[in-house]
Structures are given as C-alpha cells and as structure tokens.
> 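I have a structure I would like to understand better, so I am pasting it below and will then ask my questions one at a time.
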Amino acid sequence: MQDRYDPKSIEPKWQQRWADLSVDKAGGRTGAPKYYVLAMLPYPSGEMHMGHARVYSITDVLARYYRKKGLDVLHPFGWDSFGLPAENAAIKEGVHPALRTPRNIASFKQDVIAMGISVDWSREIATSDPEYYRWNQWFFLKMLELGIVYRRRSKVNFCPSCNTVLANEQVEDGLCWRCGSKVLEREIPEWAFRITRYADALLEGLEKLDWPERVVAMQRNWIGRSDGLEIDFPLVDSGNAKIRVFTTRADTIFGATYMAVAPDHPLLKLAPAEKKAELAAFAEKIRAAKKALGEGAQMAEKEGVDTGLRARNPFTNQEIPVWAANFVLSGYGTGAVMSVPAHDERDLEFATRYQLPVKYVVRPSDDEEVTVVAARKLVADQKAYTDYGFLFDSGQFSGMPSAQARLAIAAEAQRRAIGKPAVNYHLRDWGFSRQRYWGTPIPIVYCDKDDPEHKGIPVPVDQLPVVLPDIDVKEVLTGMGEPPLAKVSSWINTTCPKCGGPARREAETMDTFVDSAWYFARYLDPKNDQLPFSREAADRFLPVDVYVGGPEHAVMHLLYFRFWTKVMKELGLCNIDEPAQRLVTQGIVKGRDGEKMSKSKGNVVSPRDIIGRYGADTARLFILFAAPAEKDMDWSDEQVEGQYRFLGRLWRLVHGALPKLEGRADPAGAMGEALEARRKAHRTVAKVTQQLERLQFNTAISSLMELSNALTGLEPADAAAKGALHEALSLLVQLLAPLAPHMAEELWAELGNSAATREDELTLRAWPTADPALVAEDLVTVAVQVNGKLRGQIQIAAAAPEDQVRAAAAADPKVVPWLEGKQIKKVVVIPKRLVNFVVAG
RNA sequence: GCGAGAGUGGCGGAACUGGCAGACGCGCCGGCCUUAGGAGCCGGUGGGGCAACUCGUGCGGGUUCGAGUCCCGCCUCUCGCACCA
C-alpha cells in the first residue's frame with residue numbers, strides 16, 4: 001500500500017490483469033441474457049480526442065455494469081480505416097495509407113486501453129482489411145441480384161485543371177481544394193443503392209425505436225414522405241401535350257391561376273419560337289446561380305419567364321399561363337407545379353412580383369360574413385391563407401372542408417382519368433461510387449465483347465475479395481487525372497469472367513458509409529470466411545442494445561445502417577428489423593473557452609495529457625460527472641481537479657479505515673451510527689443501480705460522493721460496527737467499479753478481497769444488491785405546510801397512521817402559531833412526505 | 001419559415017409518476033494544521049432582513065390544498081432542414 005493515491009502505479013497493473021484474465025470476452029455466458037453495447041466506429045486518427053473519450057467512457061460504464069450483473073456483454077471495437085482523410089494525407093505527404101493506417105490504429109488503441117475501456121479485442125476489425133471489405137463486395141453482388149444496386153448517370157463536381165472528380169469535402173466555396181480552379185458540374189455513370197425502395201419501411205421503423213426525438217425527426221424529415229395527387233393540366237394549342245403536376249393541396253385547385261415549371265422542364269421545347277432564346281438563357285442563368293451558391297446557400301429572389309405556353313385548369317376550365325421559375329425543382333415531384341397564390345406563400349410571392357391573378361377558394365369558416373372580412377384582410381395584408389378551411393367558388397366541392405375536398409377532388413381526377421394519388425419522397429437513392437483509391441474496390445469488370453454497353457459484369461463470388469493493388473503513391477495518388485485505380489495497369493487490366501478475354505476492372509471504389517453500414521454485425525463473427533457472419537451469432541447478439549455516438553450522424557450513417565439491416569434481413573442473414581434499439585447521442589465536448597474543441601482554435605485538451613497527469617479514473621469521472629450524457633459539456637480544469645480530489649479522499653478514506661477494521665464481526669448487530677452507515681450504503685446501492693440503468697452517470701457519481709462523505713470520520717465502537725464500516729466501504733467500492741475501475745479494483749483488494757484469479761475477479765464483478773430491510777426507512781421527516789407554505793418539519797415513524805401524523809404536525813411548535821385561532825378547512829396528508837393544513841383567512 | 005431541444009445560485013448541474021427548489025461538484029468566505037502551502041481537514045455559502053419572516057426555477061395568465069414539473073399565450077438561445085409543391 002502507498003500513502004498517496006498514485007494512479008500511475010495502479011492503472012497499468014489492472015489493465016494488464018484484465019487483459020491476462022480476458023475478463024472482457026463476450027460469448028462466455030451462454031445461459032445468460034446478452035447485452036450488446038456499441039460505440040460508433042471511429043476513424044483512426046493518430047490520437048484519441050475528448051469526444052472519443054466521452055463515448056467510450058459511456059459505453060464502458062454500461063459494459064462493466066451489465067457484466068457485473070451477470071449478462072453476456074459484447075463491447076467490441078474497430079476502425080473505420082478507409083476514407084478520404086488517409087488518402088488526402090497520402091496525396092500531400094506521399095505516405096501510403098496502408099503504412100500510415102496501422103500506425104494510427106496502434107496509437108489510438110493504446111489510448112483506448114489507457115482509458116481502461118474494457119473491450120473484447122479478439123473481435124477487433126479494420127474496414128481496410130481485405131477480410132472485412134470482401135464482404136462489402138459480397139453484399140454488392142447480392143444486392144445487384146436483388147436489383148438494390150444499379151447503375152445510373154449522375155452529376156458530380158469536376159475540376160477541369162486537375163482533370164478529376166472531387167468529393168463534396170474537396171470543394172471549398174465552389175473551388176478545387178487543391179488548385180483553386182472553379183469546379184464544374186459533369187455527368188458520369190455511377191453505382192447506386194435503391195434505398196428509396198425502403199422509404200416507407202425506414203419511416204415506419206422509426207416508431208418502434210428508443211431514439212432521441214431529435215434524430216427521429218431528422219430522419220423523418222430527410223425521408224420526407226408527402227402524400228398528394230398527380231394531375232395533368234392540358235396545354236392549349238399544343239396537341240395532346242399536358243403538364244403533369246404534383247400537389248398535396250388538391251383542395252385548392254380551383255385557385256390555381258398559373259403554372260410554374262422548372263427552368264429545364266422538357267416540355268419547354270414546345271414553347272413558341274420567339275421565347276426559346278429567352279428560356280434557354282434563363283435556364284443557363286439558374287443553373288450557374290445554383291452552382292455558384294453551392295449547397296445550403298440562400299436562394300436568390302424568385303424569378304421567372306413567361307413561356308408563352310398556356311394550360312387549362314382541368315377543374316375551372318380556365319386558361320392559365322405557364323411560367324418557368326427558379327423556385328421549381330426539376331428533381332422533385334414532376335418538376336412542375338400548379339400555383340395557387342391565394343393559399344401558398346411562395347406562389348403568392350411570385351404572383352405579386354409578376355402581377356398574376358390571385359383567387360381565394362378556401363376560407364377559415366363556412367360563414368359567409370366572417371369569410372368576407374377575413375378574405376379582405378388577407379388581401380389587404382398580402383397574405384396567403386395556407387391553413388385548411390372550407391372551400392368556396394369551387395363548383396360542386398364548395399362548402400367541403402379541405403381534408404375531405406382533397407380526397408374528393410383526387411377521386412374526381414381519377415374518375416376522369418387525368419390524375420392519380422401519388423407519394424413523393426425527399427429521400428434520394430444512395431450513390432456510392434467514389435473516384436478514390438483508399439476504399440473497397442467495386443467487384444465489376446467491363447468486357448467489350450460480352451458487355452458492349454458497359455453495364456458491368458459481376459466478379460464471381462468465389463473470386464472475392466478483389467484486393468486493392470499496392471501502388472507507388474507518388475505516381476498514382478496525384479489527385480489529378482482519371483481515378484487512381486485506372487492508372488494501375490497491372491490491376492485494372494484483367495480477364496473477363498465470361499469469355500476469359502481481356503477486360504477492365506471497375507476503377508471506382510465504394511463510399512466508406514458502406515463499411516460502417518453493417519460493421520456492427522461483423523463483430524459477432526469477425527473470422528467467418530463463409531459469410532459476413534453466421535445466423536447463429538446474429539440471433540444471439542442482435543440487435544445492438546445501446547448505440548452511442550455523435551448526433552452528427554443523425555441522418556447519413558444512421559439511415560444507411562438501418563437500410564442495410566433491412567437488406568440483411570431480406571438476405572436471411574438475421575431476423576431483426578432495426579439494428580439498434582436504443583440510441584444515445586452524446587453532446588460535444590467544448591474547450592476551456594466554451595468553444596467546440598478544434599485544432600484551429602487551439603483549445604484542444606488531449607485525453608493522453610489528462611491520463612498522464614491525473615490518471616484514467618479521474619478522466620472518466622470528470623467526463624461522466626460534468627454533464628448528462630446527451631448534453632454538451634464544457635471542459636473545466638477545476639472540475640477535473642475536483643474529481644482527482646474525490647478519488648484522493650476515497651483512497652484516504654479506505655486506507656485510513658483499514659486499521660479500524662481489525663477484529664470486525666458480522667455487521668448485523670451494528671447500532672447507532674454504524675447502523676446508519678449501513679443504511680446509507682444500502683440505499684446508495686439501490687439508487688446507483690437505478691441511475692446506471694437510466695444512464696444518469698452524473699448523479700450516480702454524486703450519490704457515491706454522498707456515501708463517501710457520510711462514511712468519513714466514522715469511528716467504529718465495537719466489532720459489529722467495524723463489520724458495518726467494512727461492508728459500507730466494500731459496497732462503495734463495488735458501486736464505483738464501472739465508473740472508476742482501476743481505483744475500485746485496488747481498494748477492493750486493500751479491503752481484503754484479493755483478486756488473483758478470474759473467479760475472484762467475478763466476486764468484485766458481481767453487482768451488489770441492497771438489503772430491503774436496510775433500504776426501508778423507519779423514521780421519516782415530514783414537511784408541514786400551512787396553505788402550501790412550509791412552516792415546520794416533524795420526525796415520525798414511517799408506519800404512523802394518518803391521524804397520528806396529522807396530530808404530530810399540528811402540534812409542532814413552529815406550526816402552532818399559524819393554526820392558532822384559524823379554522824382548518826382541509827388537511828392533505830401525503831404519507832412519508834408532507835402534511836398541508838388549509839386554513840381560512 | 002418548418003422541425004427538435006433547452007432556459008433553475010457566481011459556474012456545471014440535482015429534484016422519481018405535481019409534494020421540503022438548489023443534491024453533488026467547482027468557485028468563494030472563515031477556521032484548523034503547518035517553517036510554508038497552490039497539500040490536507042472542519043464549517044459556511046440563492047437574494048433581502050438583526051430577526052420573526054419574505055422573495056425566488058425566462059415572461060404573463062390558468063388548473064390545484066400545493067406547480068421548476070401540468071394547461072394556454074409569449075420571449076430568448078442552441079441544433080437540424082430550408083423554395084419538397
């Protein structure tokens with residue numbers, strides 16, 4: 001034993017012992033329920049940062065807690081080791097990603113171990129390992145068969161100077177990150193997942209998940225289902241041509257006074273000759289503007305051009321003008337809208353600018369008088385009435401409420417064969433081709449003979465994996481020209497699986513979101529060379545019980561992850577609908593200045609430094625104590641010191657008590673102070689258990705501090721009291737174990753519970769249970785109120801009957817003056833808590 | 001604009017299904033110990049008032065014996081989406 005708490009001398013020792021005993025291995029407790037706790041897959045930068053430390057602190061507390069509860073806990077770890085950062089670093093520094101990546105992993109892994117994170121390293125995976133990514137290729141081929149993977153043309157960012165395609169991250173303010181040239185748009189073929197096929201399944205699945213509302217809302221919004229009507233507006237004097245629109249407000253169709261189409265709408269070719277030049281110029285202008293503004297930028301003012309075309313409103317039979325407008329998106333719905341300026345803000349803004357007619361057809365009430373006034377006010381204020389209401393000036397539909405009219409008008413359109421109900425989604429298919437080197441090769445070859453149109457011939461499954469070739473970094477990873485793999489002639493040139501003749505491999509690689517879409521399942525069976533994972537393993541451990549990671553993954557990763565799970569079920573690999581039942585999105589860690597930690601701000605605090613100075617237990621306690629898991633937290637050196645001091649006090653508390661524990665007896669006979677200590681300890685067991693179940697780590701730690709404070713300064717009077725103190729300290733240490741495991745192991749041993757074998761380890765590992773007799777209170781403090789204001793407090797037996805409690809409350813000296821001479825109208829008694837006298841006057 | 005979340009001491013934050021607001025920690029104040037302490041220990045700490053008491057959970061209403069908690073109407077902040085028809 002040492003005099004002072006010195007984390008450096010105890011933490012590595014216990015980390016070594018945990019590793020030696022393999023206490024963290026999953027799968028050993030076949031009879032027990034499983035518990036799968038997972039942190040989001042990290043990109044292996046060379047050093048763990050605070051955000052990582054926070055995630056792993058959370059998952060590790062859960063892993064250790066449930067292991068102690070006797071569950072078969074799976075807490076695995078792996079590396080998202082493919083991707084752009086490694087490739088960009090290679091382009092800049094000329095170091096091959098395959099060299100850099102293992103170094104980064106080793107360094108990061110050291111940090112994870114130094115934090116005392118209890119990981120089953122026998123299941124470690126790295127996505128850049130061919131034994132991992134071969135299964136990406138396997139999935140690709142299966143999904144190609146099912147029609148979930150397909151080839152399409154799509155627009156990409158292209159740098160004309162580097163002659164290469166750029167990822168969105170490589171475009172800065174519309175300029176190439178490398179050479180600063182203006183980025184162009186270009187159409188190229190790419191591979192895509194038909195995730196839209198699962199839009200409704202992904203939407204419905206959200207209902208059953210125990211996920212933060214914020215994330216659920218973002219996913220719902222991202223999928224963006226909207227139900228409406230597609231309906232044709234015939235063009236006037238243009239033969240049979242008609243413009244199809246999508247609307248969710250069919251009830252307003254009698255108010256459609258013009259149409260608006262996207263600037264590149266195909267039917268604009270029917271526009272009168274004299275308009276063609278103007279329309280072409282407009283389309284070009286809008287395209288250029290969109291490109292320059294980039295994504296997320298505020299769109300300019302609404303703008304349009306009268307196409308000269310005229311359409312007929314199929315319900316009013318009136319002729320209405322057709323405009324090309326910048327606010328209509330060619331990629332959504334039919335690329336054309338019926339404009340109802342009276343009932344749509346956007347349509348009104350446009351109509352106002354170009355002086356198009358506004359016709360109100362829905363009103364808030366079916367009362368003529370009210371309506372006229374309301375309508376006048378709307379016109380005077382130049383406001384659209386966008387709420388549902390009652391129809392007027394709408395022929396046979398007048399008087400109907402909007403909700404009903406929507407359906408009735410849709411039915412009528414269907415009857416007349418000019419429209420049909422339609423559903424639109426914001427969700428787009430997931431294009432996953434990347435013109436990069438450091439990713440999973442797409443297992444496709446192109447053969448001029450067997451595949452003249454270059455649709456792609458799948459590589460046979462038994463030829464997987466298609467392994468990335470080794471390359472000369474300086475020659476291949478230039479960031480310029482054709483895709484990197486196309487430059488590796490020894491690799492790109494291959495033989496056709498069909499004819500055996502010369503063929504070329506697909507030069508593109510997969511988006512790294514593919515890697516992270518299913519890694520959680522590979523952990524179950526990481527060495528399987530027949531399948532991504534066995535059905536047996538899946539049935540044992542899926543789904544993930546708690547998934548922890550940053551809210552920045554709310555849509556992309558978490559949507560792909562869910563999508564992939566649905567595909568895996570379709571393939572019969574597993575029988576779950578959703579990959580993770582519960583999601584915890586942890587808040588960000590801010591620096592000393594209250595700003596988000598970042599290198600550029602110079603406010604980064606490194607976990608490595610904190611562990612070096614205070615030890616992992618302090619780092620863990622600080623991180624868990626500073627804020628609830630889901631909230632942002634500020635870094636505070638003082639609070640870190642505070643946790644270090646707490647651990648120091650605990651150390652001295654136990655070591656100071658050791659001599660007093662000699663000659664202890666069964667605590668059952670303890671009285672007075674010692675009995676109170678036992679009670680406090682058992683109550684803390686009950687409390688902390690509940691707090692850990694609820695992921696309330698900050699209050700769990702404060703409960704331990706309370707117990708520690710209560711036990712400080714106790715002088716056991718007899719043998720039973722000594723036993724009581726020993727019991728209370730042992731419980732305190734056991735409760736501490738998931739949170740500050742090294743300290744707990746050390747003190748547990750000091751308290752005479754040696755941990756030399758795996759079985760002894762399991763003694764500490766068993767989670768304590770509270771003795772109900774000690775948790776129950778026999779004497780309680782009851783608050784006494786008069787007219788809802790606190791006037792006194794009484795101590796009384798918990799079991800005292802109500803009239804006794806009432807009498808004692810009324811007799812309390814502090815309460816008496818407030819009741820004197822008053823008439824008591826009512827007395828509210830809440831057992832064990834409070835008495836409230838309601839008096840007159 | 002739409003969606004989600006949050007407003008409680010000097011600070012981070014507690015408060016189970018309405019029941020003693022401010023647990024726990026930081027900071028601060030006082031004391032002890034010490035050659036010394038930026039170590040440790042003990043005590044205090046929402047505002048006002050000597051006190052009895054009183055005021056206090058973003059603002060304004062309401063329900064209730066009783067509201068940080070429930071209802072209605074606002075304000076502010078954070079995050080996400082943003083011409084989605």
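Bear in mind the structure is a predicted one, so any value in this text is a computation, not a measurement. Within every chain, numbering begins at 1; the chains are lettered A, B, ... in the order of the sequence lines, protein sequences first and strands thereafter.
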> Between B:G43 and B:C55, how many Å separate the two C1' atoms, rounded to a whole number?
27 Å
> So with a 6.0 Å cut-off around CD of A:Glu676, is the heavy-atom count from everything else above 12?
yes
> Partners of A:Arg683 by side-chain contact (heavy atoms from CB on, under 4.5 Å), sequence neighbours excluded?
A:Arg679, A:Val775, A:Glu777
> Base, sugar-phosphate, or nothing: which does A:Arg225 touch, judged by heavy atoms less than 4.0 Å apart?
nothing
> Any side-chain N or O of A:Lys631 under 4.0 Å from OP1/OP2 of B:A6?
no
> Let me know, please, whether A:Ala626 or A:Gln690 comes out on the 5' side of the other along RNA chain B by nearest nucleotide.
A:Ala626
> Expressed in whole Å, how much space separates the P atoms belonging to B:U57 and B:G62?
16 Å
> With sequence neighbours excluded, what pairs up with A:Lys660 under the side-chain hydrogen bond (donor to acceptor under 3.5 Å, both in side chains) test?
A:Glu715
> Contact between A:Val584 and A:Trp211 at the side-chain level, heavy atoms closer than 4.5 Å - yes or no?
no
> Once salt bridge (charged side-chain N to carboxylate O under 4.0 Å, His left out) is applied, do any residues pair with A:Glu230, and if so which ones, sequence neighbours excluded?
A:Arg244, A:Lys420
> Heavy atoms only, 4.0 Å cut-off, all strands: where does A:Thr386 land among base, sugar-phosphate and nothing?
nothing
> Considering only the C1' atoms, how many Å lie between B:A85 and B:G73, rounded to the nearest integer?
32 Å
> With C1' as the reference atom in both, quote the distance from B:U64 to B:G1 in angstrom, rounded to an integer.
38 Å
> Applying side chain to side chain donor-acceptor pair (under 3.5 Å) as the test, list every pair that has at least one member in residues 618-633 of chain A; sequence neighbours left out.
A:Asp60-A:Arg620
> Just checking A:Pro628: base, sugar-phosphate only, or nothing, at a heavy-atom cut-off of under 4.0 Å?
sugar-phosphate
> The side chain of A:Trp818 lies closest to which of these nucleotides: B:U54, B:A14, B:C20?
B:U54
> Over all strands shown, is A:Gln793 touching base, sugar-phosphate only, or nothing at heavy-atom distances under 4.0 angstrom?
base
> For residues 825-834 of chain A, please give each side-chain donor-acceptor pair under 3.5 Å, one per line with the distance, not counting sequence neighbours.
none

> In whole angstrom, give me the gap between the C1' atoms of B:G18 and B:C65.
12 Å
> Rounded to whole angstroms, how far apart are NZ on A:Lys789 and C1' on B:U54?
9 Å
> Would you measure the distance from the P atom in B:A23 across to the matching atom in B:C11 and give it in whole Å?
15 Å
> Scan nucleotides 45-49 of chain B against the protein and return all N/O pairs shorter than 3.5 Å with their distances rounded to 0.1 Å.
none

> Using the C1' atom in both, what is the distance from B:G48 to B:G3, to the nearest Å?
44 Å
> Between side-chain atoms of residues 252-263 of chain A and protein atoms elsewhere (two or more places apart, or another chain), which donor-acceptor pairs fall under 3.5 Å?
{"residue": "A:Thr252", "atom": "OG1", "partner": "A:Arg249", "partner atom": "O", "Å": "2.8"}
{"residue": "A:Thr257", "atom": "OG1", "partner": "A:Pro357", "partner atom": "O", "Å": "2.7"}
{"residue": "A:Tyr258", "atom": "OH", "partner": "A:Asp347", "partner atom": "O", "Å": "2.8"}

> Check A:Glu706 with A:Lys680, please: is the shortest side-chain N to carboxylate O separation under 4.0 Å?
yes
> Quick one: stems involving RNA chain B, counted as three or more successive Watson-Crick or G-U pairs, both distances short of 3.5 Å.
B:1-7 with B:75-81, B:10-12 with B:24-26, B:27-32 with B:40-45, B:46-48 with B:53-55, B:58-62 with B:70-74
> Any donor-acceptor pair under 3.5 Å joining the side chain of A:Lys825 to the base of B:C65?
no
> Output the single nucleotide from B:C83, B:C84, B:G19 whose closest atom is nearest the side chain of A:Asn326.
B:C83
> With A:Trp635, which residues qualify under ring pair (Phe, Tyr, Trp, His ring centres under 6.0 Å), at least two apart?
A:Phe622
> For nucleotides 23-40 of chain B, read 5' to 3', which letter fits each nucleotide if B means a protein heavy atom sits under 4.0 Å from the base, S means only the sugar-phosphate is that close, and - means neither?
BBBSS------------S
> Could I get the full list of side-chain contact (heavy atoms from CB on, under 4.5 Å) partners for A:Asp210, not counting sequence neighbours?
A:Gln581, A:Arg582
> Ignoring hydrogens and angles, are the base of B:A85 and the side chain of A:Arg346 linked by a donor-acceptor pair under 3.5 Å?
yes
> With heavy atoms under 4.0 Å as the rule, sort A:Val337 into base, sugar-phosphate or nothing.
base
> Please compare A:Asp634 and A:Gln785 by the position of their nearest nucleotide in RNA chain B and report the one closer to 5'.
A:Asp634
> When you measure from the side chain of A:Arg214, which nucleotide among B:C20, B:A4, B:A85 comes out closest?
B:A4
> Tell me whether the rings of A:Trp651 and A:His655 are parallel (<30°), tilted (30 to 60°) or perpendicular (>60°).
tilted
> Taking syn as a glycosidic torsion within 90° of 0 and anything else as anti, which one is B:G9?
syn
> Where the side chain of A:Ala783 is concerned, which of B:C20, B:G19, B:C81 is the nearest nucleotide?
B:C20
> For A:Ser226, give me all partners under side-chain contact (heavy atoms from CB on, under 4.5 Å), at least two apart in sequence or on another chain.
A:Phe246, A:Thr248, A:Tyr332, A:Asn424
> If you look at every strand shown and take non-hydrogen atoms under 4.0 Å, does A:Val245 touch a base, only sugar-phosphate, or nothing?
nothing
> Taking atom C1' in both B:C42 and B:U34, what distance in whole Å separates the two?
16 Å
